[in-house]
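Notes follow the structure.
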Amino acid sequence: MNKVDFIYPANLSYECNRCGLCCGDTPHKIRHILLLPKEAQMISQQTGLPKQVFSKEVPNKDPYFYEMQKSVEGKCFFLKNNQCNIYQIRPLICRFYPFELKFSPDQGMYVFSYTLECPTINRGKPVTRKDFSELYRLAQEYLP
Ligand code: SF4
């Protein structure tokens with residue numbers, strides 16, 4: 001990432017209620033929880049689990065090279081009792097949900113969008129520029 005500014009949705013509110021919806025498949029969606037190589041490495045180091053226990057390699061998703069394994073119920077390997085067991089070191093893709101950041105050639109900058117799949121969009125706390133700045137900083141830190 002080398003562009004320096006972004007735009008974001010105004011007057012949006014959201015507050016995670018830990019429903020766990022974003023941590024697995026839904027009746028309408030197969031979830032792909034993608035991992036950067038350094039994230040898979042860090043999770044492996046911190047949990048003591050070999051990467052192949054909790055993830056599998058995926059082709060053509062650069063810069064993501066792994067995808068989280070899921071339970072037979074379609075939930076993330078690390079979701080237990082509806083709680084993330086690796087919350088402090090959860091992947092960037094989990095930190096971003098329900099937001100997405102893409103470069104827009106037309107606008108010449110990065111653009112944040114969100115998914116209405118998340119039940120707390122437009123409920124809860126206002127999402128401020130500071131919140132989006134933190135996500136933007138994380139993306140710059142993590143992504144090539
Ligand atoms: S790593 Fe944690 S936050 Fe991310 S999908 Fe798995 S359980 Fe959910």
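Counting convention: from 1, in listed order, for ligands and their atoms alike. Here, residue 1 is the first one in the sequence, and each next residue gets the next number. In this text, all values refer to a predicted model and were calculated from it rather than measured experimentally.
Residue contacts to atom 2 (Fe) of ligand 1: C23 brings no N, O or S atom closer than 2.8 Å. Residue side and main chain included, C22 places no N/O/S atom under 2.8 Å of atom 4 (Fe) of ligand 1.
Aromatic pair F132/F99: centroids less than 6.0 angstrom apart.
Here the heavy atom of the protein found nearest to atom 2 (Fe) of ligand 1 is C84 SG, 2.3 Å. Scanning the protein for heavy atoms near atom 4 (Fe) of ligand 1, the closest one is C94 SG, 2.3 Å. Nearest protein heavy-atom contact of atom 6 (Fe) of ligand 1 is C76 SG, 2.3 Å.
Cation-pi geometry between K75 and F78 is not satisfied (NZ or CZ under 6.0 Å from the ring centre, within 45° of the ring normal). Stacking of R18 on the aromatic ring of Y87 is recorded, both the 6.0 Å distance cut-off and the 45° axial limit being met. Seen from the ring of Y136, R129 does not count as a face-on cation partner, given the 6.0 Å and 45° thresholds.
Taking the six-membered ring where the residue is Trp, Y110 and F103 present perpendicular rings, their angle passing 60° and hence far from 30°.
Proximity to L79 (heavy-atom distance under 4.0 Å) selects the following atoms of ligand 1: 7 (S). Taking every non-hydrogen atom of P91 and a distance limit under 4.0 Å, the qualifying atoms of ligand 1 come out as 1 (S). Distances below 4.0 Å separate heavy atoms of I33 from the following atoms of ligand 1: 5 (S).
No side-chain donor-acceptor contact under 3.5 Å links T115 to the backbone of P98.
Residue-level proximity to ligand 1 for I86 is carried by the side chain, the only part with a heavy atom below 4.0 angstrom.
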